[in-house]
Enquirer: 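First the structure, which I've put down as structure tokens, then a few questions once you've had a look.
Residue numbers begin at 1 in each chain, while the letters A, B, ... track the order of the sequences.
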Number of protein chains: 2
Amino acid sequence: MSYRIAVIGGTGPQGKGLGYRFARHGHTVVLGSRSAEKATPVAEEVTARLADVEGAGEVLGASNTEALVGADAVLIAIPWDGHDEMIASLAADGGLDGKVVISCVNPLGFDKGGPFGRAVEGGESSAAESAQRLAPGATVVGAFHHVSAVTLWGEEEYLDHEDILVCGDDAEAKQVAIELARSVVGRDGVDAGKLRLARQLEPWTAVLISINKRYKIHSGTRISGL
Amino acid sequence: MSYRIAVIGGTGPQGKGLGYRFARHGHTVVLGSRSAEKATPVAEEVTARLADVEGAGEVLGASNTEALVGADAVLIAIPWDGHDEMIASLAADGGLDGKVVISCVNPLGFDKGGPFGRAVEGGESSAAESAQRLAPGATVVGAFHHVSAVTLWGEEEYLDHEDILVCGDDAEAKQVAIELARSVVGRDGVDAGKLRLARQLEPWTAVLISINKRYKIHSGTRISGL
């Protein structure tokens with residue numbers, strides 16, 4: 001099935017990289033940013049990259065609010081700083097109501113000791129759960145936290161050495177992310193369980209970045225035994 | 001190099017399974033429990049299992065306190081409930097001073113929604129960091145959180161589809177766990193970074209257990225790109 005996907009924060013490396021992957025596999029992608037003026041050149045860059053890809057979907061640029069119009073799914077790919085304000089503002093006029101919202105937001109910090117996970121509400125919440133609380137009319141799932149922006153924008157057809165882990169409390173919404181994972185890794189995402197497991201999926205990225213720094217690689221996570 | 005390893009909680013499935021793997025590859029293992037009487041039959045069971053394994057190390061049973069005597073490394077394999085009391089009691093008479101302490105403790109909870117990570121000190125600590133605080137004379141690392149007890153006790157020579165992630169603030173102590181990983185997965189453990197990343201490594205096990213329940217497997221974690 002082909003979706004129309006709004007990417008909030010679509011000009012950032014993660015949003016642009018995932019948008020590129022979704023469009024490469026036939027989905028229509030609207031990259032959202034603070035303003036359409038900022039989003040349009042990035043959409044053109046991704047479109048140019050897809051020029052020779054048969055069956056690629058259209059890539060458009062829009063303001064974040066405009067990007068939501070008509071979207072089947074919304075990917076939240078914004079930094080954790082300012083996350084709650086952004087979600088509240090998108091939700092304020094009902095723009096997220098009835099939509100499947102996929103959060104790949106990672107609340108991370110960095111200091112001289114390296115990357116670390118930031119505890120959300122004393123460790124009892126996560127970016128995805130915050131989004132669900134602030135946009136009660138949406139159905140939020142967590143996914144795509146661990147794929148590296150560099151790898152997403154790279155040449156490999158599929159990042160098939162990694163798994164996309166999906167968490168959420170609604171099976172149908174989870175299924176959308178599980179399907180979209182095919183565009184990235186060439187196979188279904190892995191159903192990791194309840195939305196609250198976003199508390200583990202999100203800051204796991206700190207472990208991967210730490211490994212990247214030590215071993216000079218772009219690491220990913222694979223679940224063995226599947 | 002061959003170590004003498006005390007396993008605190010050595011009669012539990014994780015401690016017994018890891019002790020079995022270490023002994024199978026030539027290390028001397030002292031399985032500790034509340035009492036020597038409880039530990040001895042388990043040590044005999046592991047010894048019997050190793051009867052045909054050339055070069056296997058000795059497996060002994062002892063009380064947790066006795067197990068520490070002469071140990072090069074101490075594996076903490078106890079439940080999170082009661083963890084701090086146990087560590088404080090082992091540390092009280094200096095029993096952990098100067099030792100490399102490897103914690104595989106996972107603070108997890110379970111309810112009708114499945115497994116979940118328990119936030120330690122508002123998400124700003126972990127079992128491994130608690131152990132370090134309670135045993136300041138020891139050098140604590142985190143490792144072996146994700147291997148399934150069933151797989152450890154199984155027939156495979158190596159669990160080579162998984163990675164052992166090691167975190168800690170002391171390079172030498174980390175190296176001990178990195179080496180011991182060879183007994184389990186057939187290759188070095190992965191240096192994941194600072195001890196505080198135990199906040200991510202420990203509750204990640206909730207994600208694996210959740211996946212196990214959904215897919216009826218014994219999952220593990222592999223880092224891609226290494």
Enquirer: Drop me the distance from Ile211(B)'s CD1 to Leu226(A)'s CG, to the nearest 0.5 angstrom.
Expert: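 Reported to 0.5 Å precision, the distance equals 6.5 Å.
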Enquirer: Please report the shortest heavy-atom distance between Gly122(A) and Ala119(B), naming the atom on each side.
Expert: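 Scanning both residues completely, I find the closest heavy atoms to be O-CB, 3.6 Å.
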Enquirer: Heavy-atom distance under 4.5 Å to chain A: side chain of His161(B), backbone, both or neither?
Expert: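 Both the backbone and the side chain of His161(B) come within 4.5 Å of chain A.
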Enquirer: Are side-chain heavy atoms of Trp204(B) and Leu197(A) found at a separation under 4.5 Å?
Expert: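 Counting from C-beta outward, Trp204(B) and Leu197(A) never come under 4.5 Å.
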Enquirer: Considering only heavy atoms from C-beta outward, does the side chain of Tyr215(A) approach that of Ile223(B) to under 4.5 Å?
Expert: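 Result no, sub-4.5 Å side-chain heavy-atom pair not found.
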Enquirer: Side chain of Ser224(A), backbone of Arg222(B): donor and acceptor closer than 3.5 Å?
Expert: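 Not at all, since once roles are kept as given, no pair shorter than 3.5 Å links the two residues.
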Enquirer: By a 4.5 Å heavy-atom criterion (distance strictly below it), what part of Leu165(B) contacts chain A: side chain, backbone, both, or neither?
Expert: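 Only the side chain of Leu165(B) comes within 4.5 Å of chain A.
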Enquirer: Is Leu208(B) close to chain A through its backbone or its side chain, or both, or neither, when contacts mean heavy atoms under 4.5 Å?
Expert: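 Contact with chain A: side chain only.
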Enquirer: Give a yes or no on this: more than 12 heavy atoms of other residues, nucleotides or ligands lie within 6.0 Å of atom CD of Glu172(B).
Expert: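 Open: at most 12 neighbouring heavy atoms sit under 6.0 Å from CD of Glu172(B).
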Enquirer: Please find the pair of heavy atoms, one from Ser210(A) and one from Ala192(B), that lie closest to each other, and give the distance.
Expert: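 Closest approach of Ser210(A) to Ala192(B): OG-O, 2.5 Å.
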Enquirer: Using non-hydrogen atoms only, which part of Arg199(B) is less than 4.5 Å away from chain A: side chain, backbone, both, or neither?
Expert: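 It is neither, since no heavy atom gets under 4.5 Å.
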Enquirer: Tell me which of these, Ile209(B), Val190(B), Ile217(B), Asp191(B), has more heavy-atom pairs under 4.5 Å with chain A than the rest.
Expert: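 Winner by heavy-atom pair count: Asp191(B).
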Enquirer: Report the option among Gly123(B), Gly193(B), Ala206(B), Gly220(B) that has the most heavy-atom pairs separated by less than 4.5 Å from atoms of chain A.
Expert: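 Top count of heavy-atom pairs under 4.5 Å with chain A: Gly220(B).
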Enquirer: Look at Arg196(A) together with Asp111(B) and state whether they make a salt bridge at an N to O cut-off of under 4.0 Å.
Expert: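 Counted as a salt bridge, because a side-chain N and a carboxylate O are separated by less than 4.0 Å.
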Enquirer: State the NZ-CZ distance between Lys194(B) and Phe116(A), to the nearest 0.5 angstrom.
Expert: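 Going from the NZ atom of Lys194(B) to the CZ atom of Phe116(A) covers 13.0 Å.
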